[in-house]
Amino acid sequence: MPHTAPYIPQIEIDRSSPTPLHAQIAEPLASLIESGAIEPGTRLEDEVSMAERLRVSRPTARRAMETLTNRGLIVRRRGAGTQVTPTRVHRPMTLTSLADDMEKSGVEPRTTVLDWELESCTPGVAAALGLEPGAEVVHMRRLRMVRDEPLAIMRNWLPASIAPTREQLESGGLYSNLRARGVKVAVGFQQISARLATAEEARLLNEPTGAALLTMQRTAYDEQHRAVEFGMHVYRASMYSYDQTVVA
């Protein structure tokens, strides 16, 4: 279980060493975090306390913490202090759903359906799904959680005839619901990029406004080459990454 009181790392400072003081603080902490000795979600002492305890300047302590932040090992939030980054989700570059990938890795996801609307599709959505403009689609927006931490906001448009209900999406992944309807996703085209979080996205994802987000846009097709899903998703860059094998 994560510590309720701030974790106080035992760090030895060698002032005769050529290694900069900020590195002497950051590297032992990084080793503890990467080895799992400090659990995800653990709150760390603040840089003011660290500077006083280790008898270093505040800029030195701040630089050490910035090093850990830049390496994705800690997150710093106003009002919540400094915490070890929650468990990261590493996702293979394959045509699978986030829920399926998380369940295979032993992580049980949780979903909140923020919106579920039957609507007439816009020209852009119609083009992506191969429908006539104005055709009926279901537009859904979901918040995906992992270990009680928000991970992703997922917007999807599906032809109304195959779309799961709101209740079904609360308890199962999109692709598993499609499979239950006899729809098998066979191929997809996706684009991965990055941008900064809007104020609403930051609120939902428990990140500061302007935090880095990983984005993914995908159109998926079934075995008959019919478009069955168009999605636009955003993920917390501090918790999420794609893994891909490349060869020369």
Side-chain angles (χ1 to χ4, degrees), residues 86-92 94-122 124-190 197-207 213-236 239-240:
T87 304
R88 291 183 65 88
V89 174
H90 297 269
R91 189 172 179 186
T94 55
L95 185 58
T96 55
S97 73
L98 177 58
D100 288 345
D101 289 338
M102 292 170 67
E103 288 170 357
K104 287 177 182 177
S105 65
V107 177
E108 184 175 351
R110 182 163 59 86
T111 300
T112 298
V113 179
L114 303 172
D115 301 294
W116 191 102
E117 299 290 341
L118 184 65
E119 61 185 31
S120 299
C121 64
T122 63
V125 172
L129 291 175
L131 300 174
E132 291 294 325
E136 279 196 336
V137 294
V138 167
H139 174 207
M140 58 190 71
R141 190 169 65 114
R142 296 166 291 157
L143 178 65
R144 185 76 80 192
M145 308 281 291
V146 54
R147 295 193 176 96
D148 296 323
E149 279 284 339
L151 174 66
I153 302 170
M154 314 173 79
R155 295 181 67 194
N156 295 85
W157 292 260
L158 284 81
S161 60
I162 64 171
T165 66
R166 185 185 191 112
E167 292 73 21
Q168 289 167 333
L169 288 170
E170 291 276 8
S171 58
L174 176 58
Y175 282 13
S176 64
N177 273 290
L178 287 176
R179 289 193 295 270
R181 284 167 166 69
V183 179
K184 182 178 180 181
V185 176
V187 66
F189 298 94
Q190 64 186 26
T198 66
E200 183 186 15
E201 290 167 342
R203 177 181 61 81
L204 289 170
L205 294 173
N206 196 23
E207 291 277 3
L213 298 179
L214 187 67
T215 70
M216 188 270 284
Q217 179 174 302
R218 172 191 286 177
T219 303
Y221 300 81
D222 66 9
E223 294 176 307
Q224 286 72 48
H225 308 292
R226 296 173 299 194
V228 296
E229 174 233 352
F230 173 60
M232 299 177 67
H233 304 169
V234 294
Y235 305 86
R236 294 173 67 179
M239 292 180 61
Y240 188 89

* Among Thr112, Asn156, Asp115, whose side-chain hydrogen bond (donor to acceptor under 3.5 Å, both in side chains) with Arg142 holds? -> Asn156
* Asked: Partners of Arg226 by salt bridge (charged side-chain N to carboxylate O under 4.0 Å, His left out), sequence neighbours excluded?
  -> Asp222
* Structure fact -> On a heavy-atom basis, the closest approach of Tyr175 and Ala220 is OH-CB, 3.5 Å
* Do you know the tightest heavy-atom contact between Tyr235 and Ala152? -> CD2-CB, 3.4 Å
* Asked: At their closest point, which heavy atom of Met216 faces which heavy atom of Gln190, and how far apart are they?
  -> SD-OE1, 3.8 Å
* Asked: So, for Leu174 and Leu158, which heavy atoms are closest and what is the spacing to 0.1 Å?
  -> CD1-CD2, 3.8 Å
* Asked: So, does Arg236 use its side chain to make a donor-acceptor pair with the main chain of Leu205 at under 3.5 Å?
  -> yes
* To do: Go through the structure and list residues passing side chain to side chain contact (heavy atoms under 4.5 Å, CB included) with Glu136, not counting sequence neighbours.
  => Leu118, Ala160
* **Exam field: side chain Trp116 to backbone Pro164, donor-acceptor pair closer than 3.5 Å** => yes
* Could you grab the distance from atom NE2 of His233 to atom CG of Leu151, nearest 0.5 Å is fine? => 11.5 Å
* Asked: What orientation do Trp157 and His139 show, parallel under 30°, tilted 30 to 60°, or perpendicular over 60°?
  -> parallel
* Thr198: partners by side chain to side chain contact (heavy atoms under 4.5 Å, CB included), with sequence neighbours left out -> Arg195, Glu200, Glu201
* **Which atom of Met145 lies closest to which atom of Pro150, heavy atoms considered** => SD-CA, 3.5 Å
* **Spatial distance of atom OG1 (Thr122) from atom CG (Leu131) [nearest 0.5 Å]** => 10.5 Å
* Return yes when atom CD of Gln224 has more than 12 non-hydrogen atoms of other residues, nucleotides or ligands closer than 6.0 Å, and no otherwise. => yes
* **Leu204 vs Leu114 side-chain heavy atoms within contact, under 4.5 Å** => yes
* Mind running side chain to side chain contact (heavy atoms under 4.5 Å, CB included) on Val185 and Val228 for me, showing each step along the way? => CA-CA 8 Å; Val185 176; Val228 296; 4.1 Å; yes
* Let me know which of Val183, Leu129, Val138 forms a side-chain contact (heavy atoms from CB on, under 4.5 Å) with Pro159. => Leu129
* Asked: How many angstroms lie between atom CE of Met154 and atom CZ of Arg141, to the nearest 0.5 angstrom?
  -> 13.0 Å
* Quick one: closest heavy-atom pair of Arg181 and Ile162, and the distance? => CD-O, 3.0 Å
* Say you draw a straight line from CD of Gln217 to CZ of Arg155; how long is it, rounded to the nearest 0.5 Å? -> 10.5 Å
* Nearest-0.5 Å distance that lies between atom OG1 in Thr165 and atom CE in Met140 -> 9.0 Å
